[in-house]
Number of protein chains: 2
Amino acid sequence: MAKPTIANVAQLAGVSQATVSRALRGATNVTEATRNKVRQAADQLNFTLSKSASALASGKTMRVILLVSGKLNEWFNSGVLQGVYEELAPFGYDVTPAFITDRSELDRFFSQLPKSRNSDAIIISSFQLMPAMREQLQAIDLPTVGVNVPAESGYFDASISIDNYSAMTMAVRLLRSLGHTNIAFCSDYIPADMIYNTSQRTQAFADAAQANATDGIMFSLLTADAHDAPLSKSDLASQLTAKLLSLPERPTAVCVETDQVAIALVKELRKQQLNVPEDISVLGFDDAEIAQAADLSTIRQEPIELGRIAGRKVLQLLRNEPLEHPHELQDPLLVLRNTTSRIDSGTATSE
Amino acid sequence: MAKPTIANVAQLAGVSQATVSRALRGATNVTEATRNKVRQAADQLNFTLSKSASALASGKTMRVILLVSGKLNEWFNSGVLQGVYEELAPFGYDVTPAFITDRSELDRFFSQLPKSRNSDAIIISSFQLMPAMREQLQAIDLPTVGVNVPAESGYFDASISIDNYSAMTMAVRLLRSLGHTNIAFCSDYIPADMIYNTSQRTQAFADAAQANATDGIMFSLLTADAHDAPLSKSDLASQLTAKLLSLPERPTAVCVETDQVAIALVKELRKQQLNVPEDISVLGFDDAEIAQAADLSTIRQEPIELGRIAGRKVLQLLRNEPLEHPHELQDPLLVLRNTTSRIDSGTATSE
DNA sequence: TTGTATGCGTTATCAT
DNA sequence: ATGATAACGCATACAA
């Protein structure tokens, strides 16, 4: 038989279509006896329910969209996907990933979003909230949960984000207690219409600097210059190194927005005859696999866990369960490895 | 309006439902004038076609399943996903990832596979062909393309795989021409019912060894012992190091099945006072991001490209286009960095 | 080129 | 607990 339908199963089992439907979906009001009959018949015919037909009839698509900024194979994004999948798959939900890398795609996606009846919920990861998005976001009647999004509630039904502010505060405190009094923060160049949430770290660092400004600590903010094309990590690193070394007083510690850049920076610094961590401490952000391989001290993010939490929130929303804490912040974790150390007093001035 | 249907659009545009359907899907037999009318009406109503309804009516789900072994956030898998997505998304296909980590899941998945009418095609990545799978695979009437699967055709309509044999041959040749005459291959422990295709590399190395056995080169195969739980990479590395150093004659070069393990091995070797690459060369496999960060010489695999090729094959299959070369092998690329070097004659004997 | 009518495979409402 | 039947929203064969 080419493609058995529910009718075939019903006939073979000697019951009605409705009963087959009920039996196969595990509805309560079916005798175990008939349920077994039906199951047997279904097995025999190699039958499974058609998701499309179910979706059409029930209004539930059993799919949730995961929209990420940047490519699907990026460390953070693929981790979130994994986490989301882990939570949703057991309940029969498919997760449909979508990714967006530039502004025009973003606009197009969001302008279509409110119309879409092709998923039951949508998870949005690591997007800055652009004005244009806000309207669209509110126009969606689907459950919407954010991952690593600005915590301003009202746009997402729920969200889970890394607490960047707490992270940078911890970082600054750590470096201070290691004796560092001249700390820099390196951020990648971020175009104005870009979408990543990482720029929040810059702000968080600035705030932390502000909070510690009184006790004579020096802070500097280093950013790569704008370019047409995105810089390679090593070009970026050498540019940042140059800026670092041309400061009036060379910092003894550097926070870097991303492990990748941090590692490139360490390489570049060593090339310039600066010892890491003896002469200068470097602290990354993420704790991706490479951080471990490179023995980089870093602030850990856990994308899989974020994805799981997001997945669970989706499930609750879908069941109309009230969320105790719709918007959560996750505390980051400092991972100390081999690129940070106590300041070597005496070496701290200049080269 | 809650959820506009095609009927609403038809009414607003003053045409029939059929015309709306045709216009919106870009069928040829529609006047540009009416198409515009329809588009306008659709925009105004915030209407998009329901995938479920389309799928039901047309028999095309516009989705393709990507099944991978191991987690979605693994380097290889997420790369393949990205590549597949890049090719399929522009044509309106959703890609639905699914992953499988153990044998029982695999059995369940494959036993359900033939029945499923929930996707138009299926891409299967990095699975060893188990006997049980073969039947199921043949029972599927969906287009099926494999990524990094054994090249035995007949089970997949198309496939694209890394040429492991060629890779290992290249690796052995390279090491030989660097003067190495005692070469080892390190593989992770792979349970008998496991699914990864990487074990093929072991075989390929054995074959390459065979082919070069005549001219006095020594080969050894090192495998981690079986354990209940999978070993951590560093535990694995220290175990392999121990085996390596307890060989009658210590090899001067080692191929390692995976970058991750290779890097851990390098660390362990250095801890044991062996200089890499001066005393011993290490060659990884994959060229994941960590390989670059760790300056590891390695054999490059390009998962994104593999995914793209698989995606294109799916598209062709879906269009019933004949494939010139349904089953392709991709030549690997040697990437020389800082863990391989010419043998230091004289140091080559023992520690 | 456009309209009419039917069917796609389920779920859900209402009976029984 | 089970059965009959009307949606669900669209695509397509056929007619005009």
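This is a predicted model, so every value here is computed, not measured. The chains referred to below are lettered A, B, ... by the order of the sequence lines, with proteins before strands, and numbering in each begins at 1.
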Margin query: Going by the rule ring-ring contact (aromatic ring centres under 6.0 Å, His included), which residues pair with Y85(A) if we only count those two or more places apart in sequence or in a different chain?
Written below: F99(B)

Checklist line | 5' priority, DNA chain C, between S50(A) and T19(B) [closest heavy atom] | finding: T19(B)

Check: What residues, two or more places apart in sequence or in another chain, satisfy salt bridge (Lys or Arg N to Asp or Glu O under 4.0 Å) together with E324(B)?
Finding: none

Item checked: Between dT11(C) (P) and M62(A) (CE): distance, integer Å -> 11 Å

Item checked: Angle between terminal axes - the helix from dT1(C)-dA16(D) to dT16(C)-dA1(D), 5 pairs each end, rounded to 10° -> 20°

Next item on the list: Could you check how far CG of L24(B) sits from P of dG9(D), rounded to whole Å?
Entry: 16 Å

Check: Given that T34(B) and L56(B) both sit by DNA chain C, which one's nearest nucleotide is further toward the 5' end?
Finding: T34(B)

Check: Do R319(B) and F91(B) meet the cation-pi criteria used here (NZ or CZ under 6.0 Å from the six-membered ring centre, within 45° of the axis)?
Finding: yes

Item checked: Atom-pair distance (CG on N118(B); C1' on dT10(C)), nearest Å -> 12 Å

Check: Near Q138(A) CD, under 6.0 Å, is it more than 12 heavy atoms from other residues, nucleotides or ligands?
Finding: yes

Margin query: Just to be sure I understand the rule, does V15(B) reach a base, reach only the sugar-phosphate, or reach nothing, if contact means heavy atoms closer than 4.0 Å?
Written below: sugar-phosphate

Check: Once you round it to whole Å, what is the distance between P of dT11(C) and NZ of K51(A)?
Finding: 12 Å

Check: Over how many whole Å does the gap from N29(B) atom CG to dG3(C) atom C1' extend?
Finding: 12 Å

Margin query: What is the separation between atom CD1 on I6(A) and atom C1' on dA4(D), rounded to the nearest whole Å?
Written below: 14 Å

Next item on the list: Using the test side chain to side chain contact (heavy atoms under 4.5 Å, CB included), find all partners of S58(A) that sit at least two apart in sequence or belong to another chain.
Entry: K60(A)

Checklist line | Spacing between E32(B) atom CD and dT2(C) atom P, to the nearest angstrom | finding: 10 Å

Checklist line | Partner set under salt bridge (Lys or Arg N to Asp or Glu O under 4.0 Å) for E305(B), not counting sequence neighbours | finding: R308(B), R312(B)

Under 3.5 Å, N/O pairs linking protein and nucleotides 12-16 of chain C:
{"unit_1": "dA12(C)", "atom_1": "OP2", "unit_2": "R25(A)", "atom_2": "NH1", "d": "3.3"}

